[in-house]
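These numbers come from the heavy atoms of this one structure, side chains and all, not from hydrogens, waters or symmetry mates. Just so it is clear: chains get the letters A, B, ... in the order the sequence lines come, proteins before strands, and each one is counted from 1.
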Amino acid sequence: MTDDDTSDSVVIERVFPAPPESIWRLWTEPEHFAAWYGPSGASVRVITMDVRVGGRRLLHMEVMTPNGAMQMWFAGEYREVVENQRLVYTDFMADENGNTLSPELTGMPEGHPTTTEVRVELKNIEGSTRLVLTHVGIPAGSPGAVGWAMALDKLEALVAGGDEA
Amino acid sequence: MDGVAVALADDRLDETFAALANSTRRAILARLVAGEASVNELAKPFQLSLPAISKHLKVLERAGLIVRGQRAQYRPCTLDAAPLHEVSRWAEQYRPIWEDRFDRMDTYLQQLQHTETGTDHDR
């Protein structure tokens, strides 16, 4: 295991040749976000992007498949907003009104992390931006979901410690 | 596309996540890190009946997170950390999705910069 390894999250670091102010706009302004977010072959439309703590987000995604266009909506809530520095939001599959879909509808049985949390941290490094993205899985129906993530980290640390003993 | 990618995950993970989405079961696992324990020993820290603890143990066993001994009277529980590592792999499915997005973000950023050098204001 690497030092940064956490059991239930993926951490990706990338340096972009632009200051944090520019990168922040790519994440928080609808037309910019829609321009890069979607997978290739999909078109993304931002329906709601209320970037403030407790503000909602809703994306429409259309993916072309051999059986025609597939419509999807992803919704969530902004949890932390520190301009040009830190953005935290939840993400889950939703209907067109932003209501979360039941696990059966998304094809994922109960207990699966249908909600995830995305953390974006920006740091200015001589005019460029180091972006650290953390994507954490949260089990459906679990209260204190982020607490769950931390608890699991602790458990993994214990397991690792137990191996040495 | 996250949901689609996640849906492709191993079914086994569903049980692991369901098993872990409970604080009592996580506490049981944390206790088992210290070594094997009987149902009675596991029940002690919790204000729960033995049948209630047994129910939690069954969930953990089904998820492959613990192994029960075979001795009839004393069936000690031991931790099996393998499914936890599968959880880690589940999260890793997001990596290529984000790498792909960052590539597009990089390209888009360059397009914007070209546009901005051509005009005083970008909007």
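- Taking all atoms of both residues into account, the shortest heavy-atom contact from B:Asp106 to A:Arg14 is OD2-NH1, 4.4 Å.
- Transitive grouping of hydrophobic side chains (ILVMFWY, heavy atoms separated by less than 4.5 Å) keeps A:Tyr78 and A:Leu58 in distinct clusters.
- If you tally non-hydrogen atom pairs under 4.5 Å between each of A:Leu133, A:Ile23, A:Leu131 and chain B, the highest count goes to A:Leu133.
- The greatest number of non-hydrogen atom pairs below 4.5 Å with chain A, out of B:Leu32, B:Thr107, B:Leu109, is found for B:Leu109.
- Put simply, A:Met93 and A:Val46 are part of the same group of oily side chains (I, L, V, M, F, W, Y) that touch within less than 4.5 Å, one to the next.
- Hydrophobic cluster membership is shared by A:Phe33 and A:Val81, with clusters built from Ile, Leu, Val, Met, Phe, Trp and Tyr side chains linked at under 4.5 angstrom.
- With a threshold of 4.5 angstrom between heavy atoms, A:Val118 approaches chain B through side-chain atoms but not through N, CA, C or O.
- Closest heavy-atom contact between B:Phe102 and A:Trp27: CE2-CZ2, 4.1 Å.
- A:Tyr37 OH to B:Trp98 CH2: the interatomic distance, rounded to the nearest 0.5 Å, is 4.5 Å.
- For the pair B:Ile97 and A:His135, the minimum side-chain heavy-atom distance is 4.5 Å or more.
- Remark: the backbone N or O of A:Ala35 is not paired with any side-chain donor or acceptor of B:Arg104 at under 3.5 angstrom.
- In the hydrophobic clustering of ILVMFWY residues, with side-chain heavy atoms under 4.5 Å counting as a link, B:Leu65 and B:Val59 come out apart.
- No path of Ile, Leu, Val, Met, Phe, Trp and Tyr side chains, each step under 4.5 Å between heavy atoms, connects A:Val88 with A:Val132, placing them in separate hydrophobic clusters.
- Distance CH2/A:Trp36 to CE/B:Met105: 5.0 Å, rounded to 0.5 Å.
- Heavy-atom distances place the side chain of B:Asp100, and not its backbone, under 4.5 Å from chain A.
- B:Glu99 touches chain A through backbone and side chain together, each having a heavy atom under 4.5 Å away.
- Listed here is the closest heavy atom pair of A:Ala18 and B:Gln113: CB-NE2, 3.6 Å.
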